[in-house]
Amino acid sequence: MADLPKTYDPAAVEPKWYARWEESGSFRADTHSPKPAFSIVIPPPNITGILTLGHVLNTTIQDILARRARMQGFEVLWLPGTDHAGVGTQTAVEKHLRKTENKTRHDLGREEFLRRVLDWQDKHGGIIIQQLKRLGCSCDWSRQRYTFDDDYVRAVETVFVELYRKGLIYRGRRMINWDPAAQTALSDEEVIAQPQKGKLYYVRYEIVEEPGKHLEVATTRPETIMADTAVAVHPEDPRYRHLIGKNVWRPLAREKLPIIGDEAIDPKFGTGILKVTPAHDKVDFEIGVRHSLPVIDGLHPDGRINCPAVPELDGLDRFVAREKAAELLADLKLLTKAEPHENSVGFSQRSEVPIEPRLSEQWFLRYPQTKEALDVVRDHLIRFFPAHWEKVYAQWLENIQDWCISRQIWWGHRIPAWYRGDETLVQLESPGHDWQQDPDTLDTWFSSWLWAYETMDAETRRKFYPTSVLVTAPDIIFFWVARMIIAGLEFKPGKTPAIEDNIPFRDVFFTGLIRDKQGRKMSKSLGNSPDPLDLIAKYGADGLRFGLMRIAPSGQDIAFDEKQIEEGRNFATKLWNAARFRQMHGPSEAAPRLDESSLSIYSIEVLARLDASIDEIKGAYDGYRFNEVARVLYDFFWGDYCDWFVEAAKTDIFAEDPARKVSTLAVMDHALSAVLRLLHPFMPHITEELWSVMGFGAGTIQFEPLPEPLRIKPGVAWGRMRMVYDTVQAGRNLRAESRLPSSMKVDFVLQNSANWIAEELPTMKRLLNAEAITVDPHYQATSGVPLATGSFGKLFLLIAGGDAEAERVRLDKEIAKLESELRTVEGKLSNTSFVDRAPAAVVQEHRQRKADFSDQLAQLRQARAAMD
RNA sequence: GGGCGGUUAGCUCAGUGGUAGAGCGGCUGGUUUACACCCAGUAGGUCGGGGGUUCGAAACCCUCACCGCCCACCA
């Protein structure tokens, strides 16, 4: 048995064990294993991403589940990989290009740009994998996958072709969300509505048939007036219904527009009249379809105005044009007013600019299996933790719209569609040299939704699909979770066609979001996201993991505080030192023998509490309450085991009776061994190190079975132990209330007649730091003796050496305190700049205090001298 | 507009019908032979407001307020 160093050094221990685990193939999943299967696929981080606290939370939970499953005897597959992250990666490379070469991707051309992306990927890709390893993640790295692996790409394309042939994927000219910065279409999910302060402009449109009379229209977007093709009122609106069928003059790019009636108009908003701009608004587009209105596209793809008829506006950025259009209208005396107005504007999730609703030719998916996807969650074939996410999920599926899957970016899976003139072919291979492939790529999520099974070969799938649990953040419940469920149900990759064999996972655990202390989301731009690698350097991976898990309540947001990580580190140190203490008293037993008849009451107590903790931990795991598991382990180990049991056990350990010592050390071994195993999923490195040093098992802790409760029966021990602890607590309290230094030796008298107490007196003396404890059922105290009453009877505190000794101690304290204060004052007064510059009154006050302190001190010293 | 979370000690959070808890921070005391990344003690809370159910509510019901999130075509 090696000696344990005085302090635990995670930086040395953690990488050592990780390397050994990898070398020994501990994380490898065996498809031929007879053990039952447990599997998780990692939510693939972006290939060029770096580790965030969110990843730490997410992957620590997965690691905990995987490691626990191994100890429970499952064959575990934790399948890792990365995502090519289409828009995200492309944006990063474009930004870099602009900064270093002042070029856009169009300057380079598609081929060269993609070469640059691959360079970028080679340079930055995979960093996050190394970081995950540093955290201790027990993924089967031999199976690492990438959404851009050749066969994965082929699978994505095949799915596209298949869905096209089923008629579920189609190409159409429809209203989509256009990102003018990235210049690509986006799905509805990639648009984030944000309240925006703007103005509501009231614009007068002259009625053609009634010259001089106007209709007033309220709009937030005067720059799109040139693309108006009608004005609309509610057909029942008494103010305006007689005007339906007449016309107005469009105030910019003057043109005759019909006044139409449509139910979609809210008579209570603004003036109750809507300008209809079918090319630039979803509602307007639908109105346009109902009334066969022409569609005028008044914007360039980059968001500039496209309207040569109004040269003042043509070519201006849309937001500049908004101001300018208002000015033009004001000049024409057609702007009545502009009042402040707050409305909700859709922003691109990626480029953070307002999206532009735009009519565009794109590829769409009509979602299959939506009803089935609802059913599997509602019927709990797939269980959500916490369950309230079921409602959010259902709400989305019930209102689902077709998914715009084509993107006008270059980094991604190419759409397998081929064109020649008016002909279109959808197939994997090019039909011939005179055919042009569709230039667009697919939404990244169109590849991610196959992740749960396309990362596995047929054999692996037979053993490990469906996966046991998915651990993810709730912000991708629609992007990923829901779509994976749909993909599983649609493509049926399972071993039989049965629904339960094809859902991608049985449980979904939604983590919380990590926020900073002010409750803000962690973000790069705010700079409020600590680098997990720094935290690992400071506190160790185990400390970070445990600290984070202890404050991560199921599914609730977490306010991050580095203090919590520090506590995780402290807990690791505590564990280390408790093991050191055990080790100092001889070698541990791998299989300690516990003879129930010879156990001390403290042993029985700690074993019973261990039993209870094991039960609580199991219950907490069943509900994915990881913070509860961590809390139970922390409380049991630090409180029950270290603070009470070890301290009480010292009586036996330092005493002469070998039988009691052996028994107590056996209990320590049992408890430590159990704690190490229970803790291993949370703190894999230190537990492995201690397991090995203590010699609890011949090999790695990773596959050791978890401890089972002994079902120890406390009998009379519990009551006795409780009484001892109560006495100790009361005695410590007495001592503190009497303001005695904790180092000062004191005597206690316990007024109690139980004869078993004699046996426990040495332990009570130790815990109370008492010189002596006398048991006397008939003790008569003189008045004024401090006393406590409780289950133990009465406890009296006697100062060894009598009251005089107590007084001596008290005086020494006060003298020391006064001396210190006096030094402070004298220090100030000897500082010339203080004496010269401070207000005279302040200096005077200090002099007074110096005099007072000196007087008091003299008196105290005199009194103290008189006692000797 | 609809939905979902949350509001408990200075801070971060536990606690789902039975005497308000932990850690940190504060204060007091401590070189007790595992650990100062520690030990002992202690102060601090009309559990967001109001109403109701109950012998009893932090917890259950109603309502309001505030914070956060999600969904939604009010220009």
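The figures that follow rest on heavy atoms only: side chains count, while hydrogens, waters and symmetry mates do not. So you know, we letter chains A, B, ... as the sequences are listed, proteins then strands, and number each from 1. All values derive from a computational prediction rather than experimental measurement.
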Check the distance between [N]'s [atom2] and [X]'s [atom1] and give it to me in whole angstrom.
| X | N | atom1 | atom2 | value |
| --- | --- | --- | --- | --- |
| A:Gln194 | B:A72 | CD | P | 14 Å |
| A:Leu548 | B:U12 | CG | P | 16 Å |
| A:Met694 | B:A34 | CE | P | 14 Å |
| A:Phe347 | B:A72 | CZ | C1' | 17 Å |
| A:Asn577 | B:U33 | CG | C1' | 13 Å |
| A:Asn769 | B:G29 | CG | C1' | 12 Å |
| A:Gln395 | B:G2 | CD | P | 12 Å |
| A:Glu616 | B:A14 | CD | C1' | 12 Å |

May I ask you to say what [X] touches in the nucleic acid, namely base, sugar-phosphate or nothing, with a heavy-atom cut-off under 4.0 Å?
| X | answer |
| --- | --- |
| A:Lys650 | base |
| A:Phe478 | sugar-phosphate |
| A:Arg569 | base |
| A:Val646 | base |
| A:Lys391 | sugar-phosphate |

Review item, nucleotides 19-22 of chain B N/O atoms under 3.5 Å of protein N/O:
none

So what's [N] paired with, Watson-Crick or G-U wobble, going by both distances under 3.5 Å?
| N | answer |
| --- | --- |
| B:C13 | B:G21 |
| B:U53 | none |
| B:C38 | B:G30 |
| B:C66 | B:G6 |
| B:C74 | none |

Distance only, no hydrogens: is a donor on one side chain within 3.5 Å (strictly under) of an acceptor on the other, for [X] and [Y]?
| X | Y | result |
| --- | --- | --- |
| A:Glu189 | A:Trp396 | yes |
| A:Glu616 | A:Ser613 | no |
| A:Asp652 | A:Tyr602 | no |
| A:Lys765 | A:Thr651 | no |

Among the candidates [options], find the nucleotide nearest to the side-chain atoms of [X].
| X | options | result |
| --- | --- | --- |
| A:Lys574 | B:C70, B:G23, B:C39 | B:C39 |
| A:Glu647 | B:A40, B:A34, B:C37 | B:A34 |
| A:Phe654 | B:A14, B:C39, B:A34 | B:A34 |

Problem set entry | Electrostatic pair A:Arg174-A:Asp402, nearest N-O below 4.0 angstrom |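 A:Asp402 and A:Arg174: salt-bridged.
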Exercise. Salt bridge check: are A:Arg358 and A:Glu356 linked by an N-O gap of less than 4.0 Å?
Worked result: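 A:Glu356 and A:Arg358: not salt-bridged.
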Whole-angstrom distance between [N] and [M], as gauged at atom [atom1]:
| N | M | atom1 | value |
| --- | --- | --- | --- |
| B:U46 | B:C4 | P | 31 Å |
| B:U19 | B:G5 | C1' | 31 Å |
| B:C73 | B:C13 | C1' | 41 Å |
| B:C37 | B:G26 | P | 14 Å |
| B:G41 | B:G3 | C1' | 49 Å |
| B:G25 | B:G10 | C1' | 7 Å |
| B:A58 | B:C47 | P | 7 Å |
| B:G30 | B:C35 | C1' | 15 Å |

Exercise. Toward the 5' end of RNA chain B, which comes first, A:Phe571 or A:His585, by nearest nucleotide?
Worked result: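 The answer here is A:His585.
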Separation between [atom1] of [X] and [atom2] of [Y], rounded to the nearest 0.5 Å:
| X | Y | atom1 | atom2 | value |
| --- | --- | --- | --- | --- |
| A:Met549 | A:Gln564 | CE | CD | 13.0 Å |
| A:Ile225 | A:Leu334 | CD1 | CG | 9.0 Å |
| A:Leu690 | A:Arg582 | CG | CZ | 13.0 Å |

Within less than 4.0 Å of OP1 or OP2 of [N], is there a side-chain N or O belonging to [X]?
| X | N | value |
| --- | --- | --- |
| A:Gln729 | B:G41 | yes |
| A:Asn399 | B:A72 | no |
| A:Trp638 | B:C39 | yes |

Exercise. According to the interplanar angle, ranging from 0 to 90°, do the rings of A:Tyr393 and A:Phe384 count as parallel (below 30°), tilted (30 to 60°) or perpendicular (above 60°)?
Worked result: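 Ring orientation, 0 to 90° scale: perpendicular.
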Exercise. Where does the angle between the aromatic ring planes of A:Tyr641 and A:Phe637 fall among parallel (under 30°), tilted (30 to 60°) and perpendicular (over 60°)?
Worked result: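 Geometry flag for A:Phe637 against A:Tyr641: parallel rings.
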For this session: Flag this pair as yes if the NZ/CZ of A:Arg483 is under 6.0 angstrom from the six-membered ring centre of A:Trp403 and inside a 45 degree cone about the axis; otherwise no.
Result: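 Checked: cation-pi criterion met.
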Give me the distances for all protein-to-nucleotides 73-75 of chain B N/O pairs that come in under 3.5 Å?
{"unit_1": "B:C74", "atom_1": "O2", "unit_2": "A:Asp266", "atom_2": "OD2", "d": "2.4"}
{"unit_1": "B:C74", "atom_1": "N3", "unit_2": "A:Asp266", "atom_2": "OD2", "d": "3.0"}
{"unit_1": "B:A75", "atom_1": "N6", "unit_2": "A:Asp266", "atom_2": "O", "d": "2.8"}
{"unit_1": "B:A75", "atom_1": "N6", "unit_2": "A:Phe269", "atom_2": "O", "d": "3.3"}
{"unit_1": "B:A75", "atom_1": "N1", "unit_2": "A:Asp266", "atom_2": "N", "d": "3.2"}

